[in-house]
Amino acid sequence: MYAFVNGPLVWIAFAVFILGSIWQVAALYRMSKRTDKVFYNHYNSGAAASSIINWLIPFGSHSWREHPGFTVLTFAFHICLLAAPIFALGHTATLAFNLNISWPNLPDSVVDALTLVFLAAALGILIRRFVVPQVRIVTEPKDIAVWVITALPFVTGYMAAHKMLLDPDTMLLLHALTGCLMLICIPFTKLAHVFLFFMSRAFIGSEFARRGTKTW
Amino acid sequence: MSEQKPVNAADIRAVLERNDSARLRAWLKTCASCGLCSESCFFYLANDNNPEFMPQYKVRKTLGELIKRQGEVSREELEGMKEIAWARCTMCRRCSQYCPFGIDMGLMINIARQCMRTQNVCPERLMNIDQSYVEFGNQMQIPDEEFVETCEWMAEEGQATIKDLEIPIDKQDARIMFIVNSREPKYYPQDIQEAAIVMHVAGDNWTMPSHGWEATNLSMFSGNIGVAGMVAQSVYDAALKLNAQKICVTECGHAYRAAKYEGPYWTKQPNGQAPVEVTHAVALFHEYMKEGKIKLKHKFKDAITLQHPCNLSRSGDLGEKADELMEMLCENFIPMEPHREWSHCCCGGGGFIPMGPDYKRTRMVAGKVKAEQIKKTGAKYVLVPCHNCTDQINDLNKEYDLGIKIVSFKQLICELMEVPPHMQPEEEDE
Ligand code: HEM
Ligand code: HEM
Ligand code: SF4
Ligand code: SF4
C-alpha cells in the first residue's frame, strides 16, 4: 500500500494532472477555432495580457479594489497554496532523490507558517461561504467538496511534519493520498481555473477591448 | 394565449447547440461561486442586496437549468425563468468586468432568452415588436412612405431656422448615411430635424435611406436572433446600395451596439466587421466640434451631468468621446461616479422600456441606483445620448423627484451653435 501510494500513484497523479490539463486546453482550443471566431477576429494581445496581469496583482483590478477583505484572503490563500508545497523540504528532497531535479527549499518554520496562513485563509473563505448571503446562495455541495480536497493535503502535510494524531508514516500515506487526489481533480473540477483563468481572461480582455473597454 | 402548448425541448436544445462554444464551456466550468459579481449589479444593489438578484444566481436559474435539463422543462418553469431573464437583468455586462474570470453573464442571459423565445415565452410587447420588424422593417409599424413624408415635413419646417435645410433621402455616394430610432418619426420628429440641422450646418454630405432607416434592433433583446440579423442586414444593404461611406446611428445606445458589434455576427460577415463602417452621433458631433465644423456662441453654463448608456460606453467604444464632447460643449460638466465603462445601467436597456407598463414597477425599483447617482452630482441637467435611457431617466425623474431636465447632444448643439450668416433665414418684416 505505502509503496504504491508513494510510488506509482504519485506518477499516475502527476500524469493525470498534466496530461488531463493539456487535453482539456487542447480540446477547448480546437473547439474555439470553430465556435469562437469572435475571439480570433478581435484578438488583442495587449488587452489580453492586461486583463490577466492586473487580476494577478493584489488590488490590481477594480473588483479587487472594491473587495479589499476578500482580496487579502484569496491572495493569502493562493500565494501560500503555491509556495508551501513548492518549497517544502519534504517535496524538494523527494524530487531531488527520485528525479534528480532540485531547487532551494524554504526553512521548515517558514513552510509551517505558509501552511498555517493557508489554512487560516481557507477557513476564512469557507466561513464567508456560509455567512455572506450572496455567496451562500450559489454554494453547492461541489464547492465544499473542492474546498475539502484543496485543504486536506495541507492539513495532513502539516500533521505529518509535526507527528500529530497518527504515526508519521500513516499520516504521510494519507498526505500523499490526498495530495494525489487534489492533483487528479484539477483538470476535471472547477480547480481547472488554474489554466482556464488565463484563457477566459484573455478572451474577455479582447472582447471588451474591441469596444474600447477595460475589464480590470 | 389560453391553451398551453407543451414545451418543445428540441427547439431549446437547438439554441443551446448553436450557442455551444469553448468560452461558454470554460465559463460554466470555471465559476468559483465566489460572489464577487454581486455588487456590480444594480438590480442586486437596488433590491437591498437580496442574494436572488446576484448575477450568477440568475444565470444558474435560467441558462443553467436549461442546460442541465437539456430543455426538458415545463411551461410554468419557463414563465418563472422569463421573470428572471427579462425582469432581473438588462444584459448590461457590468458584472463581467467584476468577475475574476471575466464570465460574461449578460451573454448567458441572452442565450437563455433565445431559448425561451423559441417557445414564445417572452414579454408580449417584445414579441409584437419582432413582428413589426418583419412586416414594416421597423419597431413602430411605420410604412416607409410615412417616414419619408415626415422627413420632408421636418425639412420644410426647419427652414424657418436654417435657410434651405434639406433632409436628403436616398442620395448616392454620401459620406454619412444617418439612421434613426423609429420613435423619432413616430413621436419626436423634432429629433430628426435637429440632427439634420447639425449635419447641415457642419456642411456634411449626408443622406437617409427610404428603407433600412430603422436603427433600433430590439430583437437582440427579445432573443429572436433571426429577426435581429434581418434588421441589421437591411441597414447594411441600404448603405451598400447608396454607396455611403459610413452608417451613422442616431443618439441611441443598443442600436449602435447592434449595428457595429453584434450585427456582423448575426449576418455572418467576414472577420466580424460590418460591410460599411458604423459610427454614432456622439462620434460624429465630436468630430464636428474637434474640426471646428460647428462653432458655439458660448458653452452651456449650468451644471450638467452625462448618462453613459451601457451600449455606448461599455459594449460600445464611445465613453471617452462622450466625455470629451461634454467638455467641448459645457462649462460645468460633472461626471457621475462611477462613469464611462464602469457606469451603472439605468434599467432602461435590455428591452425594459419597450416591455411596457407591466414591468414599470420593477424598472422604477431597479432604477434607484441611477437616480442616486444623478442626485449626487447635484446637476439639474442630464445629457442622455440614448432613447431608452431618456425614457427611463424621465420616469426616474418623476419617481424620485429629481427635478432634472433631460437633453440630448443634438438638442444642446442646436441651442449653442453659431449659424453662419448665409444659412440664416431672411428676416421677415414685422
Ligand atoms: C503528490 C504526492 C505528495 C507527496 C508524496 C508529498 C510528500 C510530502 C512529504 C514527504 C512531506 C514532508 C512531511 C514531513 O516533513 O514529515 C510533505 C509536506 C507537505 N506537503 Fe506534501 N506531498 C504530496 C502532495 C502535496 C500537495 C498536492 C500539497 C498541496 C498542494 C502538499 C502540501 C504539503 C505541505 C504544505 C507540506 C508541509 C507541511 C509543513 O511542513 O508544515 N503536498 N509532503
Ligand atoms: C495560478 C493559478 C491560479 C489562479 C490565477 C487562481 C485564481 C483564482 C480565483 C480568481 C479564484 C476566485 C476567487 C476565490 O474564490 O478565491 C479562485 C478560487 C479558488 N482557487 Fe484558485 N487560482 C489559481 C490556482 C489554484 C490552485 C493551484 C488551486 C488548488 C488546487 C486553487 C484553488 C482554489 C479554490 C479551492 C478556490 C475556491 C475558493 C472558494 O471556495 O471560494 N487555485 N482561484
Ligand atoms: S448583465 Fe447587468 S443586469 Fe445582468 S446580471 Fe450582470 S450586472 Fe446585472
Ligand atoms: S464573480 Fe464570476 S466566478 Fe465569482 S460567482 Fe460571479 S460569475 Fe462566478
Side-chain angles (χ1 to χ4, degrees), chain A residues 24 27-42 51 55 61-64 66-67 70-71 74 125 128-129 132-140 142-143 146 188-197 199-205 207-216, chain B residues 18-40 44 49-57 59-60 93 96-104 107 257 260-261 264-265 270-273 311-321 338 340-342:
Chain A
Q24 294 274 352
L28 282 176
Y29 174 73
R30 275 189 47 201
M31 182 176 184
S32 74
K33 286 284 180 196
R34 183 168 52 80
T35 59
D36 300 72
K37 296 217 167 61
V38 63
F39 178 61
Y40 298 102
N41 283 340
H42 311 283
S51 168
W55 277 87
S61 67
H62 265 70
S63 194
W64 288 146
E66 288 180 28
H67 301 96
F70 184 69
T71 302
T74 194
I125 284 176
R128 174 178 177 272
R129 239 184 215 300
V132 178
Q134 71 268 28
V135 186
R136 186 172 57 204
I137 197 170
V138 289
T139 295
E140 291 181 305
K142 72 162 203 248
D143 295 311
V146 166
F188 309 107
T189 63
K190 77 173 187 182
L191 291 179
H193 73 272
V194 175
F195 47 88
L196 292 180
F197 170 88
M199 298 170 85
S200 65
R201 286 235 63 88
F203 170 74
I204 206 72
E207 164 62 13
F208 273 75
R210 80 178 170 117
R211 304 162 195 260
T213 295
K214 292 195 176 89
T215 48
W216 55 87
Chain B
R18 199 175 63 225
N19 285 287
D20 186 14
S21 64
R23 59 188 185 282
L24 182 68
R25 290 190 180 194
W27 293 336
L28 292 170
K29 187 161 180 181
T30 200
C31 170
S33 302
C34 66
L36 283 185
C37 46
S38 311
E39 295 98 345
S40 69
Y44 172 82
N49 299 356
N50 179 342
E52 289 189 9
F53 287 81
M54 76 83 94
Q56 201 259 47
Y57 184 76
V59 172
R60 175 184 294 203
R93 301 172 103 201
S96 53
Q97 293 173 294
Y98 282 83
C99 167
F101 304 106
I103 298 174
D104 193 341
L107 189 91
R257 174 176 171 191
K260 179 161 180 172
Y261 297 103
Y265 286 91
N271 305 320
Q273 302 292 343
N311 289 321
L312 289 189
S313 299
R314 178 165 30 253
S315 281
D317 54 357
L318 295 174
E320 194 175 340
K321 282 219 165 97
R340 285 200 194 166
E341 69 244 62
W342 304 97

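In what follows, every chain begins at residue 1, and chains take the letters A, B, ... in the order their sequences are listed. Remember, it's a predicted structure, so these values are computed and weren't measured experimentally.
- Proximity of a side-chain donor or acceptor of Arg340(B) to a complementary backbone N or O of Thr213(A) within less than 3.5 Å is not detected.
- Looking at heavy atoms from C-beta onward, Phe208(A) lies in side-chain contact with Arg314(B) at the 4.5 angstrom threshold.
- Arg129(A) contributes a side-chain N or O that, together with a main-chain N or O of Ser33(B), makes up a donor-acceptor pair within less than 3.5 Å.
- Atoms NZ and CG, from Lys29(B) and Leu191(A) in turn, are 10.0 Å apart once rounded to the nearest 0.5 Å.
- For Ser40(B), no part lies near chain A; criterion is any non-hydrogen pair under 4.5 Å.
- Among Ala26(B), Ala32(B), Ser96(B), Pro270(B), the residue making the largest number of heavy-atom pairs under 4.5 Å with chain A is Ala32(B).
- Note that OG of Ser200(A) and CZ of Arg25(B) are 16.0 Å apart. Values are rounded to the nearest 0.5 Å.
- Heavy atoms from other residues, nucleotides or ligands lying under 6.0 Å from OH of Tyr40(A) number more than 12.
- Contact of Asn50(B) with chain A is not made at all, since no heavy-atom distance falls under 4.5 Å.
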Inset, instruction - Begin with the C-alpha distance, continue with both residues' side-chain angles, and end with the deciding distance and a verdict on side chain to side chain contact (heavy atoms under 4.5 Å, CB included) for Glu341(B) and Arg211(A). - result: CA-CA 10 Å; Glu341(B) 69 244 62; Arg211(A) 304 162 195 260; over 6 Å; no
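- With sequence neighbours left out, Trp216(A) forms a ring-ring contact (aromatic ring centres under 6.0 Å, His included) with no residue at all.
- Comparing Arg136(A), Arg128(A), Arg34(A), Lys33(A) by heavy-atom pairs within less than 4.5 Å of chain B, the highest count is held by Arg128(A).
- Taking chain A as the reference chain and counting heavy-atom pairs below 4.5 Å, the highest number among Cys31(B), Cys99(B), Gly35(B) is found for Cys99(B).
- Looking only at heavy-atom pairs under 4.5 Å with chain B, the residue among Lys37(A), Met199(A), Glu140(A), Glu207(A) that has the most is Glu140(A).
- Proximity to chain A is absent for every atom of Phe53(B), based on heavy atoms less than 4.5 angstrom apart.
- Under the side-chain contact (heavy atoms from CB on, under 4.5 Å) criterion, Ser63(A) pairs with Trp55(A), Ser61(A), His67(A), Leu36(B), Tyr98(B), not counting sequence neighbours.
- At a 4.5 Å heavy-atom cutoff, Cys37(B) makes no contact with chain A through either its backbone or its side chain.
- In terms of heavy-atom pairs under 4.5 Å with chain A, the best-connected choice from Gly272(B), Ser315(B), Gly319(B) is Ser315(B).
- A cation-pi arrangement is not found for Arg23(B) relative to Phe39(A), the charged atom failing to lie both closer than 6.0 Å to the ring centre and inside a 45° cone about the ring normal.
- With a threshold of 4.5 angstrom between heavy atoms, Ser38(B) approaches chain A through side-chain atoms but not through N, CA, C or O.
- Within the 4.5 angstrom heavy-atom criterion, atoms from both the backbone and the side chain of Tyr261(B) approach chain A.
- Only the side chain of Arg60(B) comes within less than 4.5 Å of a heavy atom of chain A; its backbone N, CA, C and O stay farther away.
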